[in-house]
Amino acid sequence: MKPVVVAVADAIHSVLRDTGREARPIEPPMLLAADLGLDSLDLAQTIVLLERSLGVDPFRSAATSRTVRTVSDLVSIYETALTTGGSRA
Amino acid sequence: MSPNTQATMKTSTSVPAPSALLEAPVEDRLAAAIGEIVRQAPDRLAIVAQAGSDARRSIDYSTLAQAIAALEAALDAARPVGIVARATRVESLVVIAAACGRQHVPVAFLADDSRDLVGELRDWVELDDSLTLPPAPAGGRKRLEFETVPPQVIVATSGTSGPPKLVDHSWESLLAAARLSEQWHGLGWLLVYDATRWAGIQVWLQALLTGGRLVVPASRDPDVVARALAEEGVSILPATPTLLRRLLASADPSLLQKSVLDRITLGGEAADAAILRQAQATFPKAKITQVYATTELGEVYRVADGGPGFPATWIGKALPGGARLSLRRDGELLVRLSRDTAEIGTGDLVERRGDRYEFTGRRSDVIVVGGAKVYPKRVEELVRGVPGVVEARVYGLPSAVTGELVAGEIVLAEPLPEGHTPESVRAAVLKACRDGLEPHSVPRILDLVKQIATTPAGKTPRKPRV
């Protein structure tokens, strides 16, 4: 399996491409909304794409209540889910 | 059909006289029609099974009549409280229906996905393709002491919009839509529907009541269906828009050209203008009729003017079959079958477009994205219009962020139009959706697939692929 950080970047790239926006380098400290322009639909799409590539959806369980503001927030949520084996699809 | 129209009808030598047929009690008509055809033309072909394949086999009317007589005798002796038809061959289902009708034994047809419901039919006896009643259990079997008047016929709903359920019918309602006038006699009918569901039962009853030939393709594979159409001289094709679309998109065009179809009857789902145009272009001689019917209501109306939906002037008026249509405030189509019955919600949403009402989809199919409604059928229509796309389906995926998310699958043309690649077609679909739809309606997940799955009833499924 590819590293989580790569999977997250790939998913965001796909979202930008599918919605007709320009590709751009994605860095962990970037803010999803302010820097990358991702809205709730984009986030929902990213989560489905990550479920496909990583096999987990940590947002399905109520346990995931932390806010997701940056790329690295997203990465750490998936890393935690993968190590605890939570909410495997 | 009124007695007046029957009186003016000529009788034919090769098919049963409708007057003789209509004298029989309604539950007896199938057996009576088959018996009448055997008297006139004993070796007339009744059913072609496994059509379009090397396993093709044919059954004539006298073979059916003999099997009906044998089963009738067995039912008469055993008097079971009811028969659950477990048979998989169409000819067995026909024999079971005819013999049960004549012997006044209630009969249930359970499709594969409704087999769990058999528990509701305690004490009923299951009958498979052997057409032999199983031996009675020790202590005997519960017997049918009083004849059910009229005998019931139980059919399961397709479960498109919920779990399947059993619906109780009379032979009267089962035969209500059958066309018995002479123009319908002796024709070739294709059965692409499941033979145990309402739509399928309608087709085989119609074919065999009128001395016709029932052609059952070996599978729903488009080439097999096209071969069955061409090789068996089928003249009438009842199908869902989904099955017809798949046939037109994927079958060998030279096989389609050989067909002598003169009628296509669409039902089960709403047909959009594009599929109506496409079908007319492929089968220029065929008359295309859309039937609006449900397992619960039976047939409500037919439209044959080539347009989608139905004329707006129909709302509030009594239609030829006696039904009246009206609208709920949210656009749901309501049906009142007669003055004495209540208005029934159909679950189908319609919208006025010009001088017609067109279907926007089923209420249960609506996808809710962040509180906003998406009608998958409308998205599909747009997607199918993109060059390089032959089939599409749109459905809702659950999402923790937005409730649901619009997802879709597309099947690409083979070969693709020049200058197109799978990636370019996919990008064009997304762009067409962005340009033509609200942002929440644009599919966020779009997969290229070899084939769109269909439900057992031949419809486009609205659930994620499992």
Side-chain angles (χ1 to χ4, degrees), chain A residues 7-8 10-23 31-34 36-71 73-78 80-82 84 86-89, chain B residues 366-374 376 379 382-383 386 388-389 392-410 412 421-449 462-466:
Chain A
V8 168
D10 284 353
I12 294 173
H13 277 303
S14 298
V15 171
L16 294 176
R17 187 197 58 213
D18 280 0
T19 50
R21 285 174 277 183
E22 267 178 42
L31 292 164
L32 296 172
L36 291 166
L38 301 187
D39 62 13
S40 60
L41 275 171
D42 297 327
L43 185 60
Q45 181 182 352
T46 307
I47 291 167
V48 175
L49 294 175
L50 286 171
E51 180 176 1
R52 287 181 170 192
S53 61
L54 299 175
V56 290
D57 178 0
F59 296 89
R60 196 169 289 166
S61 73
T64 308
S65 58
R66 47 182 294 192
T67 43
V68 188
R69 296 183 66 245
T70 63
V71 174
D73 286 347
L74 211 48
V75 171
S76 70
I77 284 172
Y78 279 91
T80 309
L82 284 166
T84 59
S87 271
R88 197 161 280 272
Chain B
V366 172
I367 305 167
V368 182
V369 181
K373 287 180 182 171
V374 180
V379 183
L382 194 150
V383 171
V386 175
V389 176
R393 83 163 179 120
V394 166
Y395 59 96
L397 268 180
S399 164
V401 183
T402 53
E404 281 186 287
L405 195 62
V406 178
E409 292 176 345
I410 53 175
L412 300 178
T421 63
E423 294 70 33
S424 75
V425 175
R426 184 178 178 280
V429 166
L430 292 172
K431 175 150 194 332
C433 290
R434 282 200 302 275
D435 293 346
L437 300 169
E438 300 276 302
H440 63 269
S441 301
V442 177
R444 283 312 188 114
I445 299 295
L446 185 65
D447 295 316
L448 308 183
V449 296
R462 303 290 184 190
K463 298 275 173 282
R465 209 177 262 247
V466 200

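Contact of B:Val369 with chain A is made through the side chain alone, with heavy-atom distances under 4.5 Å. Proximity to chain B involves both the backbone and the side chain of A:Thr19, based on heavy atoms less than 4.5 angstrom apart. Proximity to chain B involves both the backbone and the side chain of A:Leu41, based on heavy atoms less than 4.5 angstrom apart.
Atom CZ of A:Arg21 is surrounded by more than 12 heavy atoms from other residues, nucleotides or ligands within 6.0 Å.
Across every non-hydrogen atom of B:Glu409 and B:Leu446, the tightest pair is N-CD1, 4.3 Å.
The side chain to side chain donor-acceptor pair (under 3.5 Å) test with B:Arg444 singles out one residue from A:Asp18, A:Asp42, A:Thr46, and that residue is A:Asp42.
Taken from CG in A:Leu32 to CG in A:Asp73, the straight-line distance is 7.5 Å, to the nearest 0.5 Å.
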